[in-house]
Amino acid sequence: MAERSYDFLMPSVNFFGPGVISKIGDRAKMLGMKKPVIVTDKFLEGLKDGAVEQTLDSLKAAGVDYVVYNNVEPNPKIRNIKEVKKLYEESGADSIITVGGGSAHDTGKGAGIILTNGDDITKLAGIETLDKALPPLIAVNTTAGTGSELTRHAVITNEETHLKFVVVSWRNIPLVSFNDPTLMLDVPKGLTAATGMDAFVQAVEPYVSVDHNPITDSQCVEAIKLIETSLREAVANGHNLDARTKMVEAEMLAGMAFNNANLGYVHAMAHQLGGQYDAPHGVCCALLLPYVEEYNIIACPDRFAQLAEIMGENTEGLSTRDAAELAIKAMKQLSEDVGIPHSIKEIGAKPEDFELMAENALKDGNAFSNPRKGTKEDIIKIFQAAYDAE
Ligand code: NAD
C-alpha cells in the first residue's frame with residue numbers, strides 16, 4: 001500500500017436534526033459568549049419564525065446579549081467583512097454567530113480573520129496562512145449547501161478586481177455548527193437546486209481529487225447516494241422533511257470530504273464566474289461540472305466508472321470508458337431534472353473574458369487537487385464547451 005499521512009479536520013460539535021436550533025442559546029452561553037455579532041441578511045432577519053428569529057429567541061432565553069449585522073451579500077465582498085469588523089469593535093462584541101448559507105458563514109469567517117490576523121485579507125489568500133485564532137464562532141446553517149458551516153474555507157470576493165479568493169485554514173472552522181432541516185423547508189426551488197448541486201459537486205470533486213483517502217471516499221459515496229435519491233424530491237416538494245433531512249446529511253458529508261480531500265477545476269473555474277458575474281455559486285458549479293469531468297476522465301477512468309454505479313447507473317457489460325461516460329450523462333440528467341440552466345451564457349459569461357478567467361482559475365487553490373493537470377488553453381476550451389452547451 002502507498003505510504004500516506006494526512007490531517008483530518010472536522011469541527012468539534014455539530015448539532016443536527018429537526019428542532020436543534022433551540023439549543024443555540026445554551027451552547028453560546030457554555031462557550032462563554034456574552035455578546036455575539038449575528039451575521040445574516042435582511043431577508044433571513046425578516047422571516048417570521050425563521051432561523052434568525054429562532055436564534056435570537058434562544059439567545060434571549062439563555063440571557064445572552066447580541067448585536068445584528070444584516071447586510072450579508074451573495075458572493076460576500078471585502079466591504080461586508082469590514083462592516084462586520086467595525087460593528088464588532090464599536091459594539092463591544094466578543095464572538096460571532098453566522099445565520100444563513102455559505103455567504104453568511106464566509107462573511108463571519110472573513111470578519112473573524114481580519115479581527116485577529118490583520119486588515120488586508122487579500123494577503124491571507126492561500127492555505128494555512130493564519131497565525132491567530134478567530135473570535136469564537138458558531139454557524140447556523142440554512143442551505144444544503146456549501147458545507148461552509150463546518151469547513152476551513154472562507155470564500156471572499158474582492159469587489160474592485162472581481163476576483164473571488166479563498167483563505168483556507170483550520171482556524172476558520174466554526175467551533176459549533178447547527179444544521180436544522182426545519183429551517184430549510186421554505187427554501188425556494190431554484191435555491192434548493194443550486195445549493196443541492198453545489199453539495200453534489202463537493203462530493204464528486206473530492207472523489208476524483210488527487211488528495212482523496214478512504215475516509216473522504218466513504219463520505220463522498222454516501223453524500224452522492226443521498227443527493228441522487230433526495231435532491232429531486234427536495235426541489236419538487238420542499239416541505240418533505242425527510243428529503244430535506246437527507247440533503248442536510250449529504251451536504252455535511254460532502255463538506256467534511258472536501259475539507260480534507262479538496263476540490264478541483266469545477267470550483268476553481270466557478271469562482272471566476274462568481275467573481276466576474278456575481279452569479280449564484282451552486283449554479284456556476286453545476287454548469288461547469290459535466291465539461292470539467294469529461295476532461296478529467298482520462299486521468300482516472302476507474303473512479304468515474306465507480307461514480308456511475310454510485311449514482312445508480314447500470315454499468316454491467318460496459319467498458320470502463322463507457323461506464324465513465326455514463327457518469328457524466330447522469331450528472332447532466334440530475335442538473336436537468338432540478339432545473340439548472342444549460343449554458344454559462346445564461347449567467348452572463350462572455351468568451352472575451354475566458355482567457356483571464358482561465359489564468360486565474362489555474363491559480364485558485366482548488367486547482368491543485370484536480371486529477372488532470374491542465375493548461376490555460378485547456379481551461380479556455382472547458383469554458384467554451386460550457387458556453388456552447390444547448
Ligand atoms: P447564499 O448564502 O449566498 O444565500 C443565497 C440566498 O439564499 C440569500 O439571498 C439568502 O437570503 C437566501 N437564503 C438562505 N437561506 C435561506 C432559507 N432557509 N430560506 C430562504 N432563503 C434562504 O447561498 P449559498 O449557496 O449557501 O452560499 C454561496 C456562497 O458560499 C458562495 O459565495 C460560495 O462561494 C460560498 N461557498 C463557501 C464554501 C466554504 O466552504 N466556505 C463552500 C462552497 C461555497
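One-based numbering, in listed order, for ligands and for the atoms of each. FYI, the numbering just counts along the sequence from 1.
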Legend entry - R303 charged N/C atom sitting above Y207 aromatic ring, 6.0 Å / 45°: yes
Inset, instruction - Could you label the plane-to-plane angle of the H281 and H267 rings as parallel, tilted or perpendicular, counting under 30° as parallel and over 60° as perpendicular? - result: tilted
Legend entry - Selected option - heavy-atom contact closest to atom 25 (O) of ligand 1, from N259, T195, V72, L150: T195
Legend entry - Side-chain touch Y387/F354, heavy atoms, less than 4.5 angstrom: yes
Inset, instruction - Pick one of side chain, backbone, both or neither for how D106 approaches ligand 1, counting any non-hydrogen atom pair under 4.0 Å. - result: side chain
Inset, instruction - Would you kindly specify which portion of H153 sits under 4.0 Å from ligand 1, judged on non-hydrogen atoms: side chain, backbone, both or neither? - result: both
Legend entry - Least distance between heavy atoms, V99 atom then A104 atom: O-CB, 3.6 Å
Inset, instruction - Only heavy atoms count here, so choose which of T142, N366, D198 is nearest to atom 14 (C) of ligand 1. - result: T142
Inset, instruction - Identify which of L47, T98, T151, T146 has a heavy atom lying nearest to atom 42 (C) of ligand 1. - result: T146
Inset, instruction - Please indicate whether any nitrogen or oxygen in L183 is less than 3.5 Å from any nitrogen or oxygen in ligand 1. - result: yes
Inset, instruction - With heavy atoms only and a cut-off of under 4.0 Å, state how D41 meets ligand 1: side chain, backbone, both or neither. - result: side chain
Inset, instruction - Under 4.0 Å, heavy atoms only, figure out whether ligand 1 is touched by the backbone of H267, its side chain, both or neither. - result: neither
Inset, instruction - May I ask whether atom 36 (N) of ligand 1 is less than 4.0 Å from at least one protein heavy atom? - result: yes
Inset, instruction - Return yes when atom NZ of K373 has more than 12 non-hydrogen atoms of other residues, nucleotides or ligands closer than 6.0 Å, and no otherwise. - result: yes
Inset, instruction - Given ring pair (Phe, Tyr, Trp, His ring centres under 6.0 Å), test F258 with H153 step by step and report yes or no. - result: CA-CA 10 Å; F258 89 81; H153 303 67; 4.9 Å; yes
Legend entry - Nitrogen or oxygen atoms of G102 and ligand 1 under 3.5 Å apart: yes
Inset, instruction - Have a look at G145, A104, P74, S148 and point out the one with the heavy atom closest to atom 38 (C) of ligand 1. - result: S148
Inset, instruction - Please indicate whether any nitrogen or oxygen in D186 is less than 3.5 Å from any nitrogen or oxygen in ligand 1. - result: no
Legend entry - Other residues, nucleotides, ligands: >12 heavy atoms within 6.0 Å of K345 NZ: yes
Inset, instruction - Tell me, please: is G50 in heavy-atom contact with ligand 1, that is, under 4.0 Å? - result: no
Legend entry - H271 N/O under 3.5 Å from ligand 1 N/O: no
Inset, instruction - Determine whether the side chain, the backbone, both or neither of H105 has a heavy atom under 4.0 Å from any heavy atom of ligand 1. - result: neither
